[in-house]
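Right, one structure below, let's go through it.
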2 protein chains.
Amino acid sequence: MGSRRVKVRSQSGKILVGDCIAELKKLPTASVDLVFADPPYNLQLAGDLMRPNNTKVDGVDDQWDKFDDFAAYDSFCRAWLTEVRRVLKPDGAIWVIGSYHNIFRLGAAIQDLGFWIQNDVIWRKVNPMPNFRGKRFTNAHETMIWAGRDRKSRVTFNYESLKASNDDLQMRSDWLFPICSGPERLKDDGGRKAHPTQKPEALLHRILIASTKPGDTVLDPFFGTGTTGAVAKRLGRKFIGIERDLDYATAADERIAKVQPLETEAIETLPSKRSEPRIPFGQILELGIIKPGRKLFGPRREVRAEVRADGTLFYDGQQASIHRLGAIVQGKAACNGWTYWHFEAEGKLKPIDDLRSEAKRQLGLGSRISI
Amino acid sequence: MGSRRVKVRSQSGKILVGDCIAELKKLPTASVDLVFADPPYNLQLAGDLMRPNNTKVDGVDDQWDKFDDFAAYDSFCRAWLTEVRRVLKPDGAIWVIGSYHNIFRLGAAIQDLGFWIQNDVIWRKVNPMPNFRGKRFTNAHETMIWAGRDRKSRVTFNYESLKASNDDLQMRSDWLFPICSGPERLKDDGGRKAHPTQKPEALLHRILIASTKPGDTVLDPFFGTGTTGAVAKRLGRKFIGIERDLDYATAADERIAKVQPLETEAIETLPSKRSEPRIPFGQILELGIIKPGRKLFGPRREVRAEVRADGTLFYDGQQASIHRLGAIVQGKAACNGWTYWHFEAEGKLKPIDDLRSEAKRQLGLGSRISI
DNA sequence: GCCGTTGCTGAATCTGTGA
DNA sequence: ATCACAGATTCAGCAACGG
């Protein structure tokens, strides 16, 4: 019952040829950082479906009613999703992609199994297939669900990189990409498309940049012709692909072998501010960057507080941290004292946050921090 | 246990004040052409969410959105969907709207109960609320499901009207509309929003134009402040609204009374706007038009920066967006990275702005895009 | 009246760390 | 497990106001 063949072409990843659920069961628990899954959409493929007990579901029978079809599909999805959840690390996450035929069943299963949805994301297709019969709207999008393993999972999200790459605006939940065509589309020997639903590499590029770190392991249980593996290799992520069809797996293997990984430096993502070393206000004082007795002001000089030697601020009979006192004088529940309080230099007010860069310099904490 | 009050203001429709399921049970079988349902989303919000300026987001904390668990939400939805299906005519259809919190459960229930999905349609919001903590993608869309009562239902679809209103291109499944704000947004006596989730009339306009005929009866089991009724009256459709909250129902009644129905001949389509999405730098990268590791130069080669895989630029220990880094190296407050940074081709420097035309070609933005 | 500035708000599952 | 608290975080549209 083992996989018929295991291919290992490079250290970047491996392709397991075999049944999705059977292969998943062999993978160790809590070993994977991210899963990308592009499961079968069409219920006509019910003959390919497996029950949770790993027996094969009989092919579509006209006497089955719709509920039976949906139930079989649901069982199959809950089975592989359960295994996927097992192999994910506690802070791991999953992406699934689908259309209206299957995405609602996938989404409900994801919620029922305890995953915690972060976003649903819409892939808007530039060049979708038109609706030939004029009976519906042009089906111009697919839906992706991004979910953490648990409600508590602290999933990877490279917010800063996405924002910087989007002209300094937050990345939205609707993404515009062309479908996979042209030279990127894999062809078989007869010049026909090698796989019916090959996904564009641009889509996986954004997904992996958004939700993985270099060196992470990405698992794709429906590997097909290996788009996930190709992009993972290029971006310095490890991959595990599971594919039942040997022809697809072979095509994927050859495709990925041709991929040239990017240089280490080219795949660096922007660090979040939180990942930088913390400089408490007291340290600014200890380093002598600011002196006790110095006056600090609100943004429009509406208050004038005094720095105390213990690293607190004093104003109007109240003594507290820069954050607490900022909250108190504004009558708010919370406050970032670094941006609220200002010091005077050459007649102008500057936020005390500016002093932290000087502290970092003195502490030898340059701006180049690589993990 | 009847409705507390039935309001009839005109021949165009009526508002039933009472419990959704109880009122549905009183309606005759096979009497309605279209249902539009905007049910509670079951948002499951935990604590307060603060904006960066430490003010509180006015979230949906109403009792009507609270359910014990998914099972309670599911049984509620299956109950009203069952009644809705009963009152629909054989060729009738339903639209439901939701977010990732509830739409997968709604979609699965719709399929299980025997409805037949025609499309899922994405409402892309021009002006969504940002993600204040920088932990997810901006939640910039909601999902609608359009389904016929049965697989066999021959549902109304005004294909020609939609195509004509879309510059003679088929209407796509992704629609761009602003959220409901400004004068359209109903206010209570205190000047606060009368309803937390009022939908824009433009959305209902397109739905009713797409999937009803003049004189059809439209039922909205979660009427709220009556957007469905207002648009139905304007477009010469009859409406039945069910609303449990008397304040909402009263506001809806007064709102609809002010609506002037259009002349019979005018009940056709409105012209659509075109939208030309921005092309951010990251997308140039994702599309493979420029590769990570590529060198970019200032206009006179005074700096040489490197493209990173995450869509940022790197120079002299600094990594930032094309705009931010351009500003930094010039010592300016701001910079248009598209015109500052250049790539080398055939020994000559060209601004990276030139690459956007290729991206636009790939993204089909030379042609017309559905709104 | 026009223009720039300031402030408010919208269906939101929105932190991380150390004690 | 809970609790305290440091401190990081926003886009587009509209309204009100002042010059």
Side-chain angles (χ1 to χ4, degrees), chain A residues 91 111 115-120 146-148 151-155 157 159-160 163 166-173 272-276 278-282 299-300 311 320-327 333-341 351-353 356, chain B residues 38-62 64-67 70 73 97-103 123 125-143 178-185 187 191-193 195-200 222 224:
Chain A
D91 288 334
Q111 291 179 311
F115 291 96
W116 194 248
I117 297 180
Q118 303 283 322
N119 280 111
D120 58 341
W146 173 40
R151 181 171 191 159
K152 297 271 168 67
S153 299
R154 294 184 308 197
V155 304
F157 183 53
Y159 173 78
E160 299 290 345
K163 184 174 176 179
N166 192 39
D167 290 351
D168 294 321
L169 291 176
Q170 286 189 342
M171 187 66 78
R172 296 169 42 118
S173 57
S272 72
K273 224 171 173 181
R274 229 184 256 286
S275 68
E276 293 174 18
R278 205 170 66 90
I279 310 283
F281 185 67
R300 284 171 297 279
S321 75
I322 55 172
H323 310 296
R324 287 293 311 129
L325 196 67
C335 166
N336 182 345
W338 290 106
T339 52
Y340 178 75
W341 294 106
I352 57 175
D353 197 35
R356 281 201 287 191
Chain B
D38 181 13
Y41 283 11
N42 189 23
L43 288 182
Q44 307 175 73
L45 304 181
D48 287 343
L49 176 62
M50 307 301 280
R51 299 170 187 271
N53 66 2
N54 281 309
T55 59
K56 190 165 156 301
V57 172
D58 183 18
V60 178
D61 57 356
D62 305 71
W64 49 253
D65 196 47
K66 298 201 190 311
F67 295 84
F70 282 133
Y73 187 75
I97 183 168
S99 65
Y100 65 84
H101 309 83
N102 69 327
I103 197 66
W123 168 25
K125 300 181 183 182
V126 174
N127 47 352
M129 185 153 70
N131 185 288
F132 293 119
R133 304 308 282 273
K135 289 292 158 185
R136 302 179 175 202
F137 299 101
T138 305
N139 202 343
H141 74 275
E142 293 189 26
T143 301
I179 61 175
C180 182
S181 67
E184 186 185 325
R185 188 86 192 207
K187 304 292 195 301
R192 294 173 299 263
K193 56 188 175 190
H195 192 281
T197 71
Q198 185 182 342
K199 295 292 177 286
F222 305 95

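Protein chains get the first letters and strands the later ones, always in sequence-line order, with residue 1 at the start of each.
No contact: T138(B) has no heavy atom under 4.0 Å from any strand. Counting any heavy atom pair closer than 4.0 Å across all strands shown, P200(B) reaches no nucleic acid atom. The residue F281(A) sits apart from the nucleic acid: no heavy atom pair falls under 4.0 Å. As judged by a 4.0 angstrom heavy-atom cut-off over every strand, N139(B) is placed among residues touching the sugar-phosphate backbone only. Using a 4.0 Å heavy-atom distance criterion, N42(B) is classed as making no nucleic acid contact. Heavy atoms of G148(A) sit nowhere under 4.0 angstrom from any nucleic acid atom. Residue S99(B) is out of contact with every strand shown, counting any heavy-atom pair closer than 4.0 Å. At a threshold of 4.0 angstrom between heavy atoms, the contacts of C180(B) with the nucleic acid are absent. Among the heavy atoms of the strands, none lies under 4.0 Å from E184(B).
For N54(B) (side chain) and A333(A) (main-chain N/O), no donor-acceptor pair under 3.5 Å exists by modelled atom type. A distance-only check finds no donor-acceptor pair linking the side chain of K125(B) to the backbone of W123(B) [under 3.5 Å].
Comparing the same atom, P, in dG18(C) and in dA8(D) gives a spacing of 15 Å after rounding to whole Å. The separation of dT6(C) from dT10(D), taken at their C1' atoms, amounts to 16 Å, rounded to a whole angstrom. dC14(C) and dG10(C) are spaced 15 Å apart, taking the C1' atom of each and rounding to whole Å. Across dG19(D) and dG1(C), the matching C1' atoms stand 12 Å from one another, rounded to whole Å.
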Where do D58(B) and R192(B) land on the salt bridge (charged side-chain N to carboxylate O under 4.0 Å, His left out) test, with the steps shown first? CA-CA 11 Å; D58(B) 183 18; R192(B) 294 173 299 263; over 6 Å; no
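At the phosphate of dT10(D), OP1 or OP2 sits under 4.0 Å from a side-chain N or O atom of K163(A). The side chain of H323(A) contributes an N or O atom lying less than 4.0 Å from OP1 or OP2 of dG7(D). Taking only side-chain nitrogens and oxygens, K193(B) comes nearer than 4.0 Å to OP1 or OP2 of dG10(C). Phosphate contact (OP1/OP2 of dA6(D), side-chain N/O of R356(A), threshold under 4.0 Å): absent. In this model, the phosphate group of dT10(D) is not approached by any side-chain N or O of R172(A) to a distance below 4.0 Å at OP1 or OP2. When the side-chain nitrogen and oxygen atoms of S181(B) are compared with OP1 and OP2 of dA12(D), none of them lie within a distance under 4.0 Å.
Look at dC17(D): its Watson-Crick or wobble partner, with both distances under 3.5 angstrom, is dG4(C). Shown here, dT9(C) forms a base pair with dA12(D); the pair counts as Watson-Crick or G-U wobble because both key distances fall under 3.5 Å. Here dC14(C) sits opposite no nucleotide as a Watson-Crick or G-U wobble pair (both hydrogen-bonding atom distances under 3.5 Å).
Of the candidate nucleotides dA8(D), dA11(C), dG10(C), dA11(C) has the atom nearest to the side chain of L43(B). The side chain of W338(A) sits closest to dA8(D) out of dA15(D), dA11(C), dA8(D). Checking dT10(D), dA11(C), dA12(D) against the side-chain heavy atoms of L169(A) singles out dA12(D) as nearest. For H101(B), whose side chain is taken as the heavy atoms from C-beta onward, the closest listed nucleotide among dC11(D), dA11(C), dA12(C) is dA12(C). Each of dA11(C), dA15(D), dA12(C) was ranked by its minimum atom distance to the side chain of Y41(B); first place goes to dA11(C).
For the residue pair F157(A) and G134(B), the shortest heavy atom distance occurs at CD2-O, 3.9 Å. When all heavy atoms of K66(B) and D62(B) are compared, the closest pair comes out as CG-O, 3.8 Å.
Taking the side chain as every heavy atom from C-beta outward, H323(A) and Y340(A) never approach each other to under 4.5 Å. With contacts defined as side-chain heavy-atom distances shorter than 4.5 Å, the pair V60(B)/Y41(B) does not qualify. Residues K193(B) and Q198(B) are not in side-chain contact: their nearest non-hydrogen atoms beyond the backbone lie 4.5 Å or more apart. Annotation: side chain of L43(B) is in contact with side chain of S99(B) (closest heavy-atom distance under 4.5 Å). The shortest side-chain heavy-atom distance between F281(A) and I352(A) falls under the 4.5 Å cut-off.
Side-chain to base pairing of R324(A) with dG7(D): no donor and acceptor N or O lie closer than 3.5 Å to each other.
As a whole-Å value, the separation of Y340(A) OH from dG7(D) P is 17 Å. Atom NZ of K152(A) is separated from atom C1' of dT2(D) by 11 Å (rounded to the nearest Å). Between the CG atom of D353(A) and the P atom of dA8(D) there is a distance of 7 Å, rounded to whole Å. Between D120(A) atom CG and dA12(C) atom P the separation is 14 Å, expressed in whole Å. Summarising the geometry, the separation between CG on L45(B) and P on dA11(C) is reported as 13 Å, rounded to the nearest angstrom. Separating the CZ atom of R136(B) from the P atom of dT10(D) is a distance of 16 Å, rounded to the nearest angstrom. We find that CG of L325(A) is positioned 14 Å from P of dC5(D), with the value rounded to whole Å. What separates NZ of K125(B) from P of dT9(C) is a distance of 17 Å, to the nearest Å.
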Dump every N/O contact between nucleotides 15-19 of chain C and the protein below 3.5 Å, one line per pair.
from	atom 1	to	atom 2	distance (Å)
dT15(C)	OP2	R133(B)	NH1	3.1
dG16(C)	OP1	K135(B)	NZ	3.3
dT17(C)	OP2	R154(A)	NH1	3.4

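Nucleotides of DNA chain D nearest to D168(A) and A334(A) differ in position, and the one nearer the 5' end is that of A334(A). Comparing N127(B) and F115(A) along DNA chain C, the residue whose closest nucleotide (by nearest heavy atom) sits nearer the 5' end is N127(B).
The closest side-chain donor-acceptor pair between Q44(B) and Y73(B), if any, does not fall under 3.5 angstrom.
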